Peer 1: 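What follows is a structure written as structure tokens; I'll ask about it next.
Each ligand, and each atom within it, is numbered from 1 in the order the structure gives. Computed from a predicted structure; not experimentally measured. In what follows, every heavy atom counts, from backbone to side chain, and hydrogens, waters and symmetry copies are set aside.
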Amino acid sequence: MADIAAMAARLDDAAREARAIPQITGEDSTLSLADAYAIQGAAIDRRLARGERLVGVKMGFTSEAKMAQMGLKDQIWGRLTSDMVVTNGAAIERARFIHPRVEPEVAVRLNAPLTGAVTREEALAAVDAVAAALEVIDSRYENFRFALGDVVADNASSSAFVVGPWMPAGTDISDVAMEMRVDDAPAETGTSAAILGDPIRSLVAAARLAGSAGLVLEPGWIVMLGGATAAAAIGSARAVSLDAAHLGRVGFTIEGGGA
Ligand code: OOG
Ligand code: MG
């Protein structure tokens with residue numbers, strides 16, 4: 001049986017020390033998805049005990065590009081905490097990360113609780129603002145390699161996120177052209193339509209998946225709906241930006257990058 005607390009501690013330490021560790025499933029091939037989410041929850045509880053707050057959730061593997069890049073097909077979710085928040089345009093420290101990658105995403109902010117089986121209309125009614133966003137993922141596993149249970153336990157690789165200017169609810173997010181640049185060179189281009197055909201479907205899935213774990217998506221929370229394209233490595237980059245048509249621009253710089 002999986003030692004939930006011990007594995008959570010190992011992942012939490014790896015994240016804090018920016019040090020890669022071997023995959024959990026290499027050691028425990030029987031790790032169930034339920035155990036993996038329990039490890040994720042326990043690792044996040046350690047952060048909360050240190051004073052971080054839950055600020056939302058993230059979805060993963062909601063586009064074909066991401067599924068193909070990582071070789072996994074099941075949608076997963078993770079928790080976003082206050083220490084992961086990066087202000088648009090601000091700098092992040094390279095030393096915080098192991099082998100960071102960045103993804104162009106769409107984020108929504110909620111103004112009503114959402115959980116369990118909800119319709120598209122109910123999901124839309126709970127949205128109070130939408131934005132283009134960037135997620136920094138940084139798998140705590142060596143070589144960014146993992147099986148499904150590993151990545152779920154590792155909070156779906158989430159490490160930091162940056163939200164662009166909030167736009168009013170009702171702003172169309174179904175097919176937003178996205179152009180991501182790393183150090184001013186084009187890195188990935190795509191459309192938000194790649195996120196499950198329409199990113200709102202990812203919010204419906206977030207409510208269902210989080211709900212099945214007993215979690216309510218709370219008013220004020222942010223939901224990151226998933227990468228629209230494959231992720232780009234930013235191991236030695238100094239700056240990342242995303243131009244997302246009418247959603248505008250979001251970006252960050254990397255202190256200690258370019259080494
Ligand atoms: C897992 C996280 C996937 C997304 O947007 O699809 C994800 C990973 O690729 O390491 O964040
Ligand atoms: Mg992502």
Side-chain angles (χ1 to χ4, degrees), residues 11 14-15 18 20-25 33 36-37 39-40 43-44 55-81 84-86 92 97-108 131-164 173 176 178 180 182 187-203 205-206 209-210 221-235 240 242 244 250 252:
L11 280 160
I21 58 172
Q23 289 174 227
I24 292 175
T25 54
L33 204 54
Y37 276 109
I39 296 167
Q40 179 192 123
I44 293 293
V55 298
V57 297
K58 64 154 286 182
M59 292 295 289
F61 304 138
T62 50
S63 68
E64 292 291 340
K66 279 294 308 180
M67 293 184 234
Q69 182 178 34
M70 303 316 292
L72 293 171
K73 288 190 178 307
D74 301 87
Q75 282 156 40
I76 59 174
W77 64 281
R79 278 113 160 152
L80 301 173
T81 70
M84 298 180 187
V85 176
V86 178
I92 59 178
F97 305 95
I98 304 162
H99 38 207
R101 296 179 179 179
V102 65
E103 305 174 327
E105 304 212 2
V106 174
V108 296
L134 290 165
E135 184 184 22
V136 180
I137 54 172
D138 191 34
S139 174
R140 267 55 66 165
Y141 301 112
E142 291 161 354
N143 305 312
F144 227 112
R145 295 263 291 275
F146 44 70
L148 189 65
D150 297 302
V151 65
V152 163
D154 184 27
N155 201 28
S157 304
S158 200
S159 192
F161 68 100
V162 193
V163 175
I173 55 169
V176 181
M178 305 198 130
M180 187 168 74
V182 175
E188 293 286 343
T189 56
T191 161
S192 65
I195 303 165
L196 293 177
D198 178 351
I200 284 299
R201 292 201 181 118
S202 180
L203 180 58
L209 292 174
W221 277 18
I222 291 166
V223 183
M224 295 284 286
L225 299 176
T229 70
I234 50 168
V240 177
L242 168 63
V250 52
F252 60 89

Peer 1: Identify the closest protein heavy atom to atom 11 (O) of ligand 1: which residue and atom is it, and at what distance?
Peer 2: Lys58 NZ, 2.6 Å
Peer 1: Indicate the atoms forming the closest heavy-atom contact of Tyr141 with Pro22, along with that distance.
Peer 2: CD2-O, 3.6 Å
Peer 1: Has Arg201 got a side-chain atom pairing as donor or acceptor with Leu196's backbone, closer than 3.5 angstrom?
Peer 2: yes
Peer 1: Counting distance only, does the side-chain N/O of Thr25 pair as donor-acceptor with the main-chain N or O of Gly149 below 3.5 Å?
Peer 2: no
Peer 1: Pick whichever of Ala228, Gly227, Ala230, Ser139 has a heavy atom sitting closest to atom 5 (O) of ligand 1.
Peer 2: Gly227
Peer 1: So, do Met178 and Thr191 sit near enough that their side-chain heavy atoms are less than 4.5 Å apart?
Peer 2: no
Peer 1: Would you call Met224 and Met84 a side-chain contact if the rule is heavy atoms closer than 4.5 Å?
Peer 2: no
Peer 1: With heavy atoms only and a cut-off of under 4.0 Å, state how Met224 meets ligand 1: side chain, backbone, both or neither.
Peer 2: neither
Peer 1: What atom name does the N, O or S atom of Glu105 nearest to the Mg ion (ligand 2) carry?
Peer 2: OE2
Peer 1: At less than 4.0 angstrom from any non-hydrogen atom of Phe146, what atoms of ligand 1 do you find?
Peer 2: 8 (C), 10 (O)
Peer 1: Should the proximity of Ser157 to ligand 1, defined as any heavy atom under 4.0 Å, be assigned to the side chain, the backbone, both, or neither?
Peer 2: side chain
Peer 1: Could you tell me the residue and atom name of the protein heavy atom closest to atom 2 (C) of ligand 1, and the distance to it rounded to 0.1 Å?
Peer 2: Ala156 O, 3.2 Å
Peer 1: Mark the output for Gly226 as yes if a heavy-atom distance to ligand 1 is under 4.0 Å, and as no if none is.
Peer 2: yes
Peer 1: Measuring from the Mg ion (ligand 2), name the closest N, O or S atom belonging to Glu103.
Peer 2: OE1
Peer 1: Hey, could you give me the CG/NE2 distance between Asp138 and His99, rounded to the nearest 0.5 Å?
Peer 2: 5.0 Å
Peer 1: Can you sort out which atoms of ligand 1 are near Phe144, meaning under 4.0 Å from one of its heavy atoms?
Peer 2: 10 (O)
Peer 1: Between Glu105 and ligand 1, which part of the residue brings a heavy atom under 4.0 Å of the ligand: side chain, backbone, both or neither?
Peer 2: side chain
Peer 1: Given side chains that start at C-beta, do those of Met70 and Val151 come closer than 4.5 Å, heavy atoms only?
Peer 2: no
Peer 1: Do Val86 and Phe161 touch side chain to side chain, with heavy atoms closer than 4.5 Å?
Peer 2: no
Peer 1: For the Mg ion (ligand 2), find the closest N/O/S atom on Glu135 and give its atom name.
Peer 2: OE1
Peer 1: Is a side-chain donor-acceptor pair under 3.5 Å present for Gln23 with Arg145?
Peer 2: no
Peer 1: Using a 4.5 Å cut-off on heavy atoms from C-beta on, say whether the side chain of Leu11 contacts that of Asp154.
Peer 2: yes
Peer 1: Considering only heavy atoms, does Glu103 approach ligand 1 within less than 4.0 Å through its side chain, its backbone, both, or neither?
Peer 2: side chain
Peer 1: Starting from atom 3 (C) of ligand 1, what is the nearest protein heavy atom, named by residue and atom, and what distance separates them?
Peer 2: Lys66 CE, 3.7 Å
Peer 1: Assess Met59 for proximity to ligand 1: is some non-hydrogen atom of it under 4.0 Å away?
Peer 2: yes
Peer 1: Between CD1 of Ile137 and CZ of Phe144, what distance do you get to the nearest 0.5 Å?
Peer 2: 4.0 Å
Peer 1: Would Ile137 count as a polar contact of ligand 1, with the cut-off being nitrogen or oxygen pairs under 3.5 Å?
Peer 2: no
Peer 1: Which residue and atom name correspond to the protein heavy atom nearest atom 6 (O) of ligand 1, and how close is it?
Peer 2: Phe61 N, 2.8 Å
